[in-house]
Engineer: 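Quick one: the structure is below, and I'll ask about it shortly.
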Amino acid sequence: MSSSSPYYLKGSPFTVRMNGVIGWLARHGISLMGTAEMSVPGRKSGKMQRIPVNPHTYGGERYLVSARGHSQWVRNMRAAGGGELRVGRKVRPFTAVELPDAEKLPVLRTYLEKWGWEVNQYFAGVTAKSSDAEIIACAGDHPVFRITVTG
């Protein structure tokens, strides 16, 4: 990856398999610590793309954080402006607005407090205990969307 390419860390074969299991569980009504399966239309194909996510609540609002960086679901979300969250038969459509880097600090810190055990390896040494400056420095590598459930 060149220095001008946006940050993205591809999942290992094990992680891809685990995501499949977690997504399957969510589709069948089993949410692990609040996980859900997100569907977002592909920006080229229009087909719904599914991925397990960790919806995060901060300050009464809900967010989706891309721990791996500028992934395909992030690009699709930017194009579509929303998607669906599913746990079992409960499907909640949502709209999404991407946060500017300057607004990400409290969301990223609290996300890392809750989900750090799972995602710290994607944050290049930054943890919930890192300084504000360290978290702000990595904010551009981790897109954050504020989501609003519409149905």
Side-chain angles (χ1 to χ4, degrees), residues 6-43 47-130 132 134-136 138-151:
Y7 173 80
Y8 174 66
L9 186 59
K10 185 176 179 178
S12 69
F14 175 76
T15 302
V16 170
R17 275 190 304 259
M18 286 306 297
N19 277 348
V21 169
I22 293 167
W24 185 90
L25 289 170
R27 270 193 312 281
H28 291 85
I30 301 168
S31 173
L32 304 175
M33 293 185 60
T35 59
E37 183 179 68
M38 178 185 66
S39 296
V40 63
R43 64 194 179 284
K47 283 181 51 179
M48 293 300 264
Q49 306 296 311
R50 300 185 316 209
I51 185 167
V53 292
N54 302 324
H56 178 63
T57 302
Y58 170 76
E61 306 241 35
R62 300 203 56 192
Y63 298 90
L64 294 174
V65 175
S66 181
R68 294 177 187 275
H70 297 267
S71 63
Q72 292 300 319
W73 79 256
V74 167
R75 294 176 178 125
N76 291 338
M77 184 71 69
R78 287 174 177 151
E84 300 175 338
L85 291 176
R86 171 187 295 274
V87 176
R89 292 183 182 172
K90 187 173 186 175
V91 178
R92 297 166 304 193
F94 66 87
T95 58
V97 175
E98 189 167 2
L99 295 187
D101 292 348
E103 295 178 21
K104 293 179 184 177
L105 174 63
V107 176
L108 288 174
R109 184 176 301 284
T110 57
Y111 178 81
L112 289 167
E113 286 170 356
K114 180 169 184 181
W115 295 103
W117 61 273
E118 180 184 356
V119 301
N120 273 349
Q121 72 261 23
Y122 308 123
F123 281 80
V126 174
T127 70
K129 294 180 180 181
S130 294
D132 288 355
E134 290 169 320
I135 293 175
I136 290 168
C138 83
D141 290 339
H142 302 282
V144 176
F145 294 88
R146 182 176 33 253
I147 62 172
T148 303
V149 174
T150 58

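Throughout, residue positions are numbered sequentially from 1 according to the sequence presented. Keep in mind that what you see is a predicted model, and the values were worked out from it rather than measured.
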Engineer: Any side-chain heavy-atom pair from R62 and T148 closer than 4.5 angstrom?
Structural biologist: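 When only atoms from C-beta onward are counted, T148 and R62 do not touch, as no gap falls below 4.5 Å.
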Engineer: Provide the closest heavy-atom pair for G69 versus V74 in the form atom of the first, atom of the second, distance.
Structural biologist: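 Closest pair (atom of G69, atom of V74, distance): O-CG2, 3.6 Å.
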Engineer: Taking the side chain as every heavy atom from C-beta outward, state whether L112 and T127 have any pair of such atoms under 4.5 Å apart.
Structural biologist: no
Engineer: Checking P41 now: which residues fulfil side-chain contact (heavy atoms from CB on, under 4.5 Å) with it, not counting sequence neighbours?
Structural biologist: M48, A80
Engineer: Considering residues at least two apart in sequence or located in another chain, which fulfil the side-chain contact (heavy atoms from CB on, under 4.5 Å) criterion with I135?
Structural biologist: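 Residues passing side-chain contact (heavy atoms from CB on, under 4.5 Å) with I135: L105, L108, R109, V126, S130.
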Engineer: Output side-chain donor-acceptor pairs under 3.5 Å for residues 20-33, partner residues at least two apart or in another chain, one line each.
Structural biologist:
unit_1	atom_1	unit_2	atom_2	d
R27	NH1	E37	OE2	2.3
H28	ND1	W24	O	2.7
S31	OG	G34	N	3.3
S31	OG	T35	N	3.0
S31	OG	T35	O	2.6

Engineer: List in chain and number order the residues that pass side-chain contact (heavy atoms from CB on, under 4.5 Å) with Q121, two or more places apart in sequence or in another chain; answer none if no residue qualifies.
Structural biologist: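 If we apply the side-chain contact (heavy atoms from CB on, under 4.5 Å) test to Q121, skipping adjacent residues, there are no hits.
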Engineer: Show me, pair by pair, the donor-acceptor contacts under 3.5 angstrom made by side chains of residues 90-102, not counting sequence neighbours?
Structural biologist:
unit_1	atom_1	unit_2	atom_2	d
E98	OE1	R78	NE	2.8
E98	OE2	R78	NH2	2.9
D101	OD1	K104	NZ	2.8

Engineer: Begin with the C-alpha distance, continue with both residues' side-chain angles, and end with the deciding distance and a verdict on side chain to side chain contact (heavy atoms under 4.5 Å, CB included) for V144 and L64.
Structural biologist: CA-CA 6 Å; V144 176; L64 294 174; over 6 Å; no
Engineer: Hey, mind stepping through R43 and Q72 against side chain to side chain contact (heavy atoms under 4.5 Å, CB included) and telling me if it holds?
Structural biologist: CA-CA 9 Å; R43 64 194 179 284; Q72 292 300 319; 2.8 Å; yes
Engineer: With H142, which of Y8, Y7, W115 fulfils ring pair (Phe, Tyr, Trp, His ring centres under 6.0 Å)?
Structural biologist: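 In the set Y8, Y7, W115, the residue that makes a ring pair (Phe, Tyr, Trp, His ring centres under 6.0 Å) with H142 is Y7.
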Engineer: Considering only residues two or more places apart or on different chains, which pairs with a residue in residues 56-79 satisfy ring-ring contact (aromatic ring centres under 6.0 Å, His included)?
Structural biologist: H56-Y111, W73-F145
Engineer: Measure across E113 and A128 and return the closest heavy-atom pair with its distance rounded to 0.1 Å.
Structural biologist: CG-CB, 3.4 Å
Engineer: How about I147 and L85: do any of their side-chain heavy atoms sit closer than 4.5 Å?
Structural biologist: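 Counting from C-beta outward, I147 and L85 do come under 4.5 Å.
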Engineer: So, taking the atom named CG in N76 and the one named OG in S39, what distance separates them when rounded to the nearest 0.5 Å?
Structural biologist: 11.0 Å
Engineer: Report yes if the side chains of R68 and T15 come closer than 4.5 Å at any heavy-atom pair, otherwise no.
Structural biologist: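 In contact.
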